[in-house]
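Chain A is the first sequence line, chain B the second, and so forth, proteins listed ahead of strands; every chain is numbered from 1.
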Protein chains: 2
Amino acid sequence: MTPHDEGEAGEAGEAGPGRAGPGVSVPPSAWPTGRLLSAAARRVEREWDAYLERWSLTHASLPVLAVLAGGGRFQREIASELGVTEQTISRMLVGLERSGYLQRQRNDTDRRQHVVAITPGGRAALEALNDSVAVERLVAATLTPDQVAQLRGLLVRMLRPDAPGPRAPGPRAPELRASEGLPNGPGSQAPEG
Amino acid sequence: MTPHDEGEAGEAGEAGPGRAGPGVSVPPSAWPTGRLLSAAARRVEREWDAYLERWSLTHASLPVLAVLAGGGRFQREIASELGVTEQTISRMLVGLERSGYLQRQRNDTDRRQHVVAITPGGRAALEALNDSVAVERLVAATLTPDQVAQLRGLLVRMLRPDAPGPRAPGPRAPELRASEGLPNGPGSQAPEG
DNA sequence: TATTGTTATACTCTATAACTATA
DNA sequence: TATAGTTATAGAGTATAACAATA
């Protein structure tokens with residue numbers, strides 16, 4: 001298959017000869033890492049979500065329980081550890097509390113604070129996730145045990161605290177600027193091969 | 001591995017003795033693969049989104065352009081290739097078209113169909129993403145070149161067509177059922193560590 | 001005034017259901 | 001009736017801004 005030699009596809013204005021298109025797809029192996037990450041993240045997130053749905057959890061809410069498994073936390077702490085805003089956490093906690101996975105109560109020392117603690121139910125969910133071979137199978141469907149181990153290692157590395165957090169280092173934008181004048185507007189027949 | 005068993009890790013936000021909690025954090029290396037995937041997917045997605053923001057793209061919209069790079073498509077085809085609903089694609093296309101990355105026009109043969117084609121601008125964005133060393137650096141910040149290559153290989157494998165698509169094989173739920181009675185309701189003082 | 005958390009609002013991604021236009 | 005796509009509605013996750021309660 002011709003990797004990224006898609007020059008024959010219909011250009012902007014003219015949608016093509018016969019129909020939609022030849023359906024030429026660049027194989028993932030030829031994708032830049034960026035696109036790979038994009039696709040993999042989506043795939044993982046969605047399958048993982050589909051799986052977590054059984055517990056009314058999501059890829060976003062599960063980490064909250066994971067954090068709480070280590071002990072009670074103030075909302076602000078959870079937000080910080082997860083790298084999201086306090087408002088976001090606030091809403092997620094509502095859902096998790098409603099699901100019975102955690103409980104909140106005001107701190108006696110400082111009534112402004114809410115002490116968030118995981119419930120036995122929350123722990124149970126984590127346990128199930130923990131034991132579950134199903135989780136591994138989710139990935140193992142396409143990876144060998146060796147590869148899964150490899151992937152694990154890489155993921156762990158990526159998640160290391162010294163890794164760039166939610167605030168990416170932002171390798172400043174190239175010459176493109178969608179905000180002020182598009183790269184090569186739909187009209188401009190710029191270099192595009 | 002016992003999630004809440006390692007009581008030593010970095011005290012997260014140490015709120016104090018009598019406060020929220022011990023702040024015991026289980027290190028990622030001890031997480032089950034599921035949790036790892038969860039965290040990694042979020043991390044990748046968010047950093048990647050932050051990066052793509054420069055082009056008004058997201059981890060979800062970029063794949064659309066990637067598909068279109070292979071040739072014009074009907075909306076239904078894009079939805080299918082991406083594993084999302086046609087309605088979702090419909091809305092994403094609106095945004096991408098507004099950004100000037102693609103154009104739609106009715107099919108002469110069948111007026112119900114819309115032929116979607118990438119514009120030079122869209123190609124330019126993909127190209128930039130393609131060339132950009134920045135993308136690699138996003139990951140390379142925590143991984144060595146060797147590891148990046150390894151990760152790439154694993155991601156490619158995970159994305160292979162013969163891999164389970166959007167519809168996960170659903171390794172049937174364990175004994176838990178959030179829908180009908182929680183694992184160990186907040187009330188039930190079940191085994192909990 | 002500063003801190004902790006919530007509500008209000010908005011935007012994206014996602015889904016289902018209902019609708020329009022075309023066949 | 002079937003098909004292609006859109007609109008309506010909903011919910012999660014996210015963010016910013018404004019607010020309430022407490023200190």
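Nearest-nucleotide assignment on DNA chain D puts the 5′-proximal partner with A/H59, out of A/H59 and A/Q87. Two residues, A/R112 and A/T85, neighbour DNA chain D, and the one matched to the more 5' nucleotide by heavy-atom proximity is A/T85.
Although no hydrogens or angles enter the test, the distance criterion places no donor-acceptor pair under 3.5 Å between the side chain of A/E81 and the main chain of A/I78. Using a distance-only test at 3.5 Å, with no hydrogens or angles considered, no donor-acceptor pair links the side chain of B/T88 to the main chain of B/V84. Using a distance-only test at 3.5 Å, with no hydrogens or angles considered, no donor-acceptor pair links the side chain of A/R157 to the main chain of B/Q147.
Using a 4.0 Å cut-off, no side-chain N or O of B/S90 falls inside it from OP1 or OP2 of D/dG5.
Contacts of A/D49 with the nucleic acid, taken as non-hydrogen atoms under 4.0 Å apart, are absent. At a threshold of 4.0 angstrom between heavy atoms, the contacts of A/R111 are confined to the sugar-phosphate backbone, with no base atom among them.
Distance B/E97 CD to D/dG5 P: 13 Å, rounded to the nearest Å. The distance from atom CZ of A/F74 to atom P of D/dT22 is 16 Å, rounded to the nearest whole Å. The separation between A/E86 atom CD and D/dT14 atom P is 14 Å, rounded to whole Å.
Taking the side chain as every heavy atom from C-beta outward, B/T144 and B/V148 never approach each other to under 4.5 Å. The shortest distance between side-chain heavy atoms of B/T58 and B/L62 does not fall below 4.5 Å. A heavy-atom distance below 4.5 Å is found between the side chains of A/R73 and A/L68. The closest side-chain heavy-atom distance from A/V116 to A/V64 is not below 4.5 Å.
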**Request:** Please lay out, stage by stage, how B/R104 and B/Q75 fare under the test side-chain hydrogen bond (donor to acceptor under 3.5 Å, both in side chains).
**Result:** CA-CA 9 Å; B/R104 287 183 288 182; B/Q75 299 195 182; 2.9 Å; yes
**Verdict with supporting geometry, B/D49 and B/L57, side chain to side chain contact (heavy atoms under 4.5 Å, CB included)** = CA-CA 7 Å; B/D49 274 347; B/L57 290 171; over 6 Å; no
Where do N or O atoms of nucleotides 9-12 of chain D meet protein N or O atoms at under 3.5 Å, pair by pair?
{"unit_1": "D/dT9", "atom_1": "O4", "unit_2": "B/R91", "atom_2": "NH1", "d": "3.4"}

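Listed candidates were D/dA17, D/dT22, D/dT3. Nearest to the side chain of A/D110 is D/dT22.
For DNA chain C, the outermost nucleotides in 5' to 3' order that have an atom under 4.0 Å from a heavy atom of chain A are C/dA2 to C/dA15.
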